[in-house]
**Student:** 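Below you'll find the structure I mean.
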2 protein chains.
Amino acid sequence: MQPLLLDRLLQIADLFQKDMARAFDGTGLTPARVHLLWALQHAGPSTQQALARLCGVSPRNITGLVDALEASGHVRRSPHPSDRRAVLVELTGTATETMTQMQQEHADLDATLIAAVAPEDRAAVERGITAIALHLETLVADAAASEPAKGAP
Amino acid sequence: MQPLLLDRLLQIADLFQKDMARAFDGTGLTPARVHLLWALQHAGPSTQQALARLCGVSPRNITGLVDALEASGHVRRSPHPSDRRAVLVELTGTATETMTQMQQEHADLDATLIAAVAPEDRAAVERGITAIALHLETLVADAAASEPAKGAP
DNA sequence: TATTGTTATACTCTATAACTATA
DNA sequence: TATAGTTATAGAGTATAACAATA
């Protein structure tokens, strides 16, 4: 009995996360903090509310993550130019370099993994994985919609 | 610029975990606890040391997880027949049923996702994902070996 | 009145180190 | 001496709820 395709996919994600965590080790970075840095790199300077939405966590949680990243010199808080309630969070120069390098390594790993697939299978794998991701996204969205989180069922 | 294959794989894992977490909601189960139940179902009654190795976490952590699962009626501790230091952890009847059902749903989801792939691509996807998983496993093992965790580099 | 961020509180997962009881 | 499990302690990630300042 061979493992299910789904189990293979989960194994890949697990291995990747282990590898990431090992790479951070000693830098003060963690998966949650890197996720925030990654969101910042893509969105540019953002309010904490925006980061909470992008990362899918509570605003309170963002406060803690930004506190830690500010202490380690990865991000900077500055006053919002037009809304005195809000702050803008942005990457520092060194963090921008770190993220650029991380993105490069990410792309390199992607190329390495694709190279492990037989050339005649590559197009089918791309198509298949994309189809699975889209289908699963639909399933999860439907499940979430039919069960409105809290309150009125 | 289309997303990298690796990003698709991580997205799939993330969606799956979200869906799992939503399914547990209100049952007192969490991903870590389900992982332990899953290990128990496959290994049969086990000592906590064995569970620590299977789950890849510290023995201390297993104590906490087993405490919680015992309180919620999913597992039972019993004395080890030949080693009075150790305890055997085993699934209760209801937990066995829960896990059987969960495994069935897991298999159903796997079938659903495979059905989302074009029939002529399925064999290639199976081969490709297996190749990627094996290759990544090798990469991570090599990285771990060249950096002996703690102490002597 | 609604929004932004924070303080307060709490729970889960995780780890290491020290201790107890066995082997 | 080494092993199985626990207590003690600590830190990260997460959440909700209450509160301040500002829109």
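Computed from heavy atoms alone, side chains included, the values below leave out hydrogens, waters and symmetry copies. Everything quoted here is computed from the prediction, not taken from an experiment. Reminder, nothing fancy here: chain letters follow the sequence lines and each chain counts from 1.
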**Student:** In whole Å, what is the span from the CG atom of D25(B) to the P atom of dA15(D)?
**Tutor:**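 After rounding, the reported distance stands at 12 Å.
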**Student:** If the condition is side-chain hydrogen bond (donor to acceptor under 3.5 Å, both in side chains), which residues does S78(A) pass it with, not counting sequence neighbours?
**Tutor:**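 Not a single residue meets the side-chain hydrogen bond (donor to acceptor under 3.5 Å, both in side chains) criterion with S78(A).
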**Student:** Closest approach to the side chain of R33(B), judged atom by atom: which nucleotide of dA12(D), dT16(C), dT12(C) is it?
**Tutor:**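 Given the options dA12(D), dT16(C), dT12(C), the side chain of R33(B) is closest to dT12(C).
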**Student:** Are R22(B) and D25(B) within salt-bridge range, i.e. N to O under 4.0 Å?
**Tutor:** no
**Student:** Who pairs with R76(A) by salt bridge (charged side-chain N to carboxylate O under 4.0 Å, His left out), at least two apart in sequence or on another chain?
**Tutor:** E90(A)
**Student:** List in chain and number order the residues that pass ring-ring contact (aromatic ring centres under 6.0 Å, His included) with H35(A), two or more places apart in sequence or in another chain; answer none if no residue qualifies.
**Tutor:** none
**Student:** When the distance from CD of Q17(B) to P of dC13(C) is rounded to whole Å, what number comes out?
**Tutor:** 14 Å
**Student:** Give the residues of residues 78-86 of chain B touching DNA chain D, defined as any heavy atom closer than 4.0 Å, sorted by residue number.
**Tutor:**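 Contacting residues: R85(B), A86(B).
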**Student:** Please tell me which of R77(A) and G56(B) maps to the more 5' nucleotide of DNA chain C, matching each residue to the nucleotide holding its nearest heavy atom.
**Tutor:** R77(A)
**Student:** Of all residues at least two apart in sequence or in a different chain, which pass the side-chain hydrogen bond (donor to acceptor under 3.5 Å, both in side chains) check with S72(B)?
**Tutor:** H74(B)
**Student:** Would you give me the side-chain donor-acceptor pairs under 3.5 Å for residues 51-59 of chain A, sequence neighbours excluded?
**Tutor:**
residue : atom : partner : partner atom : Å
S58(A)  : OG   : N61(A)  : N            : 3.3

**Student:** Pairs in or reaching into residues 56-73 of chain B: which pass salt bridge (charged side-chain N to carboxylate O under 4.0 Å, His left out), with residues at least two apart or in two chains?
**Tutor:**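 Checked against salt bridge (charged side-chain N to carboxylate O under 4.0 Å, His left out) - neighbours excluded - the pairs reaching residues 56-73 of chain B are D67(B)-R77(B), E70(B)-R77(B).
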**Student:** What integer distance in Å separates K18(A):NZ from dT14(C):P?
**Tutor:**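 Between P of dT14(C) and NZ of K18(A): 11 Å.
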**Student:** Only pairs at least two apart or in different chains count here, so list each salt bridge (charged side-chain N to carboxylate O under 4.0 Å, His left out) that has a residue in residues 105-116 of chain A.
**Tutor:**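 Those involving residues 105-116 of chain A do not exist here.
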**Student:** Could you tell me which non-hydrogen atom of L88(A) sits nearest to which non-hydrogen atom of T47(A), and how far apart they are?
**Tutor:**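 Closest pair (atom of L88(A), atom of T47(A), distance): CD2-N, 3.9 Å.
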**Student:** What parts of residues 40-49 of chain B reach DNA chain D, counting only heavy atoms under 4.0 Å away?
**Tutor:** T47(B), Q48(B), Q49(B)
**Student:** Using a 4.0 Å cut-off on heavy atoms, which residues in residues 60-72 of chain B reach DNA chain D? List them by number, or say none.
**Tutor:**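 Listed by number, they are R60(B), T63(B).
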**Student:** I'd like to check the side-chain hydrogen bond (donor to acceptor under 3.5 Å, both in side chains) partners of D121(A); sequence neighbours left out, ordered by chain and number.
**Tutor:**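 side-chain hydrogen bond (donor to acceptor under 3.5 Å, both in side chains) check on D121(A) returns R127(B).
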**Student:** Roughly how many Å is it from CG in L51(A) to C1' in dT4(C), rounded to a whole number?
**Tutor:** 13 Å
**Student:** Mind checking ring-ring contact (aromatic ring centres under 6.0 Å, His included) for H80(A) and listing every partner two or more places apart, or none if nothing turns up?
**Tutor:**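 Testing H80(A) for ring-ring contact (aromatic ring centres under 6.0 Å, His included), a comparison that skips the adjacent residues, returns none.
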